[in-house]
Amino acid sequence: MSERVNEKNNPAPENTAHKTGADKAGADKTAATPVAKAKAEAALPTLGIKGMLRWAWTQLTSMRTALFLLLLLAVAAVPGSLFPQRPANPSIVTQYIADHPDYGKILDSLQLYDVYSSAWFSAIYILLFISLIGCVVPRAIAHYKAMRSQPPRTPARLSRLPEYGTLVIPADAGIPASRAIADAAAKLKKRGYRVDVRNDDAARPSLGAERGFLKEVGNLVFHTSLIGVLVSVAAGGLFGYSGQRILVEGDTFVNTLVGYDQFTPGTNFESSQLQPYSIQLDKFQITFDRESKGKFGQPIDFKADVTTKENPDAPAEKQVLKVNDPVSLGGTSIYLTGNGYAPVVTIRDGAGNVAMQGPVVAKLQGDNYYSSVVIKVPDARPDQLGFAGFFLPTAFVTEEGVSFSGDPELINPQLTLNSYFGDLGLDAGSPQNVFELDVKKLTPLNARNLDAGGITLAPGSSYTLPDGKGSISFDGVKRYIGVDIHHNPGQLYALIFALLAVAGLVTSLYVNRRRVWVRTGTHQDGRTMVEYGLLARGEDHRLAAEAETIRGLLADEWGLESGQNNSQNAPSTQGDNGPADRSGNPVSAEPPTEDFIQSTAGSHESKKDQ
């Protein structure tokens with residue numbers, strides 16, 4: 001039809017078939033000229049600064065942006081596990097940059113050695129925080145208004161709802177429409193619905209009922225808890241700290257900066273946060289497996305008896321520190337993380353003076369507590385002394401002369417060392433690993449490949465070093481433990497918010513938002529006609545079961561039979577009390593009149609409520 005009108009209004013010139021492509025293009029251009037002219041003359045409204053800010057805020061506070069930022073935060077945390085981090089160990093970062101001069105400084109300029117305190121990681125964190133707040137606050141306000149508002153008005157045609165049914169109360173039952181709607185309201189209230197009865201004194205009263213507000217509450221709790229987790233983690237990173245300390249039996253640790261072997265402060269940490277508590281290791285006991293053949297000699301229990309004080313003036317308290325059972329002091333948690341042996345030695349220098357005396361921590365290296373030992377004696381004169389070797393709790397020697405530890409208990413302790421003299425490099429102030437001895441600039445005194453041989457000591461024995469350099473004696477063995485000390489002010493709150501997030505998520509998944517409408521009326525022959533419809537907000541596979549339950553409750557209230565499944569079209573055995581067919585009419589031998597139950601295809605009210 002449109003083509004004919006166009007032909008009538010714009011008759012085609014003669015010889016149209018012989019037009020060239022250029023002529024056709026010109027004709028199309030001429031035809032499009034009004035449209036092009038209109039587009040050219042159209043002026044788009046300027047967005048302005050306020051409009052731009054409003055658009056940016058809308059984009060930032062969308063759920064899609066929040067999910068993207070959450071994923072981006074996870075990706076941004078990956079470099080923290082790929083590269084050494086300066087807060088954890090600055091010396092390793094310095095060595096890494098020295099070992100990779102080509103790109104080490106570039107990574108440092110990108111803050112990849114301080115990932116979790118970098119500007120770009122903090123920016124993502126803050127944006128995610130703002131985005132979640134922008135998502136939660138408007139939804140909370142809208143949900144609050146929805147909870148205070150009345151259920152939506154009753155649709156004009158209930159039969160368009162996903163679940164719909166009808167009931168007919170016989171005239172001799174004496175139940176008018178007003179009483180029927182009151183009974184339906186009472187039943188729905190008992191099922192937890194919020195009910196609003198409309199026009200209860202009119203000819204066709206109705207009610208609207210609603211339940212499932214906890215679903216949105218669960219959503220809000222979940223997202224609010226995520227904000228709480230972010231705040232708690234941030235508080236822990238800003239004001240928390242952690243450290244490590246090795247305690248030998250008899251040693252006391254005081255919670256001061258100089259008391260730590262290694263200390264990692266938070267971004268906003270201040271030394272005034274440290275509570276001056278103390279903990280002393282009285283005795284450490286290990287229980288080894290002595291029954292199992294496959295795991296014979298394996299440790300099965302660790303127990304550290306300690307004496308603690310909350311402050312210098314507080315009374316001493318005996319406590320037990322075990323694995324996964326920390327001791328809490330001064331707002332910190334002290335965990336047992338390691339243990340080993342510490343041989344007690346006395347070293348005299350060439351002048352006969354005691355240059356070093358006390359336990360030396362032996363680092364575990366192999367089975368049965370085979371441990372390496374490094375002793376540095378910078379106070380020895382005339383030359384500084386160094387020792388390196390190993391400690392065996394129960395020493396055995398093979399036919400080839402190789403020593404090994406045959407049992408973790410102190411049955412036959414043995415200390416085997418090589419000795420050196422020279423400059424240990426400690427006077428320069430450069431940090432060194434206490435468990436390693438750099439022998440490149442030292443002169444050996446004792447070793448297996450030297451005439452003097454190595455040093456082998458049993459408890460109570462001593463050895464005189466060659467060339468008058470001094471002596472070393474093995475006085476005994478103590479045990480030591482390694483403890484991790486953590487202070488995280490946001491740890492408890494993070495746990496609470498995480499549990500709330502799980503509870504909110506479960507609630508939002510298992511609670512369904514539902515609406516029910518019931519309308520009643522009186523037929524010309526005196527029967528009371530009842531129709532009901534159910535609508536779910538979102539997907540609800542249990543809506544049909546809810547409809548059957550409500551139908552059964554109403555039928556029992558009025559002494560009716562609830563009928564069969566709504567999908568059946570066979571007449572019910574109770575007259576008009578069967579289920580509704582696809583057109584919205586109850587399946588019965590004598591269907592009700594058309595003016596009461598109508599087909600509602602394309603109902604505007606129904607679409608709006610859905």
Side-chain angles (χ1 to χ4, degrees), residues 85-94 114 116-117 234-284 304-323 325-340 342 344 356-363 374-376 378-379 426-435 478-492:
Q85 297 299 295
R86 189 172 281 111
N89 199 326
S91 59
I92 294 180
V93 174
T94 303
D114 301 273
Y116 305 111
S117 59
L238 290 174
F239 305 104
Y241 60 86
S242 63
Q244 292 78 39
R245 173 64 190 265
I246 292 177
L247 285 175
V248 182
E249 289 176 332
D251 285 355
T252 299
F253 164 73
V254 180
N255 190 33
T256 59
L257 287 177
V258 296
Y260 286 88
D261 293 330
Q262 185 174 343
F263 186 78
T264 305
T267 306
N268 289 358
F269 168 80
E270 295 181 0
S271 58
S272 59
Q273 295 178 234
L274 297 177
Q275 299 295 324
Y277 64 81
S278 64
I279 177 170
Q280 176 182 324
L281 177 61
D282 300 325
K283 188 176 182 180
F284 181 66
D305 297 322
V306 297
T307 301
T308 62
K309 285 186 175 183
E310 286 284 352
N311 55 70
D313 299 327
E317 182 181 355
K318 298 290 185 179
Q319 297 193 56
V320 176
L321 177 62
K322 304 185 72 174
V323 177
D325 188 12
V327 170
S328 298
L329 284 172
T332 66
S333 297
I334 304 172
Y335 298 87
L336 175 63
T337 57
N339 68 92
V344 180
M356 185 266 181
Q357 186 177 34
V360 179
V361 174
K363 185 179 180 181
V374 170
I375 306 173
K376 300 178 182 180
D379 297 331
L426 297 175
D427 297 335
S430 301
Q432 292 187 11
N433 191 332
V434 296
F435 297 109
K478 292 184 176 182
R479 294 184 184 272
Y480 73 85
I481 62 172
V483 295
D484 276 359
I485 303 167
H486 292 274
H487 173 66
N488 188 344
Q491 183 176 7
L492 177 61

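What you see is a predicted model, and the numbers here were worked out from it, not measured in a lab.
- Residues passing the side chain to side chain contact (heavy atoms under 4.5 Å, CB included) test with Gln432 are Lys376, Leu426, sequence neighbours excluded.
- Residues satisfying the side-chain hydrogen bond (donor to acceptor under 3.5 Å, both in side chains) criterion with Thr308, sequence neighbours excluded, are Gln319.
- Pro489 approaches Ala235 most closely through the heavy-atom pair CG-O, 3.9 Å.
- Remark: side-chain polar atoms of Thr337 are paired, donor with acceptor, to backbone N or O of Gly482 under 3.5 angstrom.
- Val374 is not listed as a side-chain neighbour of Val434, based on a closest heavy-atom distance of 4.5 Å or more.
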Legend entry - Residue pair Leu247, Val306: steps toward the side-chain contact (heavy atoms from CB on, under 4.5 Å) verdict: CA-CA 11 Å; Leu247 285 175; Val306 297; over 6 Å; no

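- Applying the side chain to side chain contact (heavy atoms under 4.5 Å, CB included) test to Asp325 and every residue at least two apart in sequence or in another chain returns Lys322.
- Counting only residues at least two apart or in different chains, salt bridge (charged side-chain N to carboxylate O under 4.0 Å, His left out) contacts with residues 246-257 are absent.
- Here NZ of Lys309 is found 6.0 Å from OG of Ser278. Values are rounded to the nearest 0.5 Å.
- When the ring pair (Phe, Tyr, Trp, His ring centres under 6.0 Å) test is applied to Tyr241, the partners found at least two apart in sequence or on another chain are Phe263, Phe269, His487.
- Under a 3.5 Å cut-off, the side chain of Tyr480 and the backbone N or O of Ala362 do form a donor-acceptor pair.
- At a threshold of 4.5 Å between non-hydrogen side-chain atoms, the residues Glu310 and Leu329 count as touching.
- With sequence neighbours left out, Tyr277 forms a side-chain hydrogen bond (donor to acceptor under 3.5 Å, both in side chains) with Thr332.
- Taken to the nearest 0.5 Å, the CD1 atom of Ile485 stands 11.5 Å off from the OH atom of Tyr335.
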Which pairs would a plain distance check flag for residues 252-261, meaning a side-chain donor or acceptor within less than 3.5 Å of a matching protein atom at least two apart in sequence or in another chain?
{"residue": "Thr252", "atom": "OG1", "partner": "Gln280", "partner atom": "OE1", "Å": "3.3"}
{"residue": "Asn255", "atom": "OD1", "partner": "Tyr260", "partner atom": "OH", "Å": "2.5"}
{"residue": "Asn255", "atom": "ND2", "partner": "Gln275", "partner atom": "O", "Å": "2.9"}
{"residue": "Asp261", "atom": "OD2", "partner": "Ile246", "partner atom": "N", "Å": "2.8"}

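- Not counting sequence neighbours, Asn488 has no partner by the side-chain hydrogen bond (donor to acceptor under 3.5 Å, both in side chains) test.
- With sequence neighbours left out, Asp484 forms a salt bridge (Lys or Arg N to Asp or Glu O under 4.0 Å) with no residue at all.
- Taking the side chain to side chain contact (heavy atoms under 4.5 Å, CB included) definition, one finds that Val323 meets it with Phe302, Leu336, sequence neighbours left out.
- Scanning for side-chain hydrogen bond (donor to acceptor under 3.5 Å, both in side chains) contacts around Arg479 gives Tyr341, with sequence neighbours left out.
- A side-chain donor-acceptor contact under 3.5 Å links Asn311 to the backbone of Ala314.
- Put simply, OG1 on Thr307 and NZ on Lys283 are 13.5 Å apart, with the number rounded to the nearest 0.5 Å.
- In this structure, Pro326 and Ile334 have side chains that are not in contact, with every pair of non-hydrogen atoms separated by 4.5 Å or more.
- Checked against side chain to side chain contact (heavy atoms under 4.5 Å, CB included), Asn433 has the following partners two or more places apart in sequence or in another chain: Phe435, Glu436.
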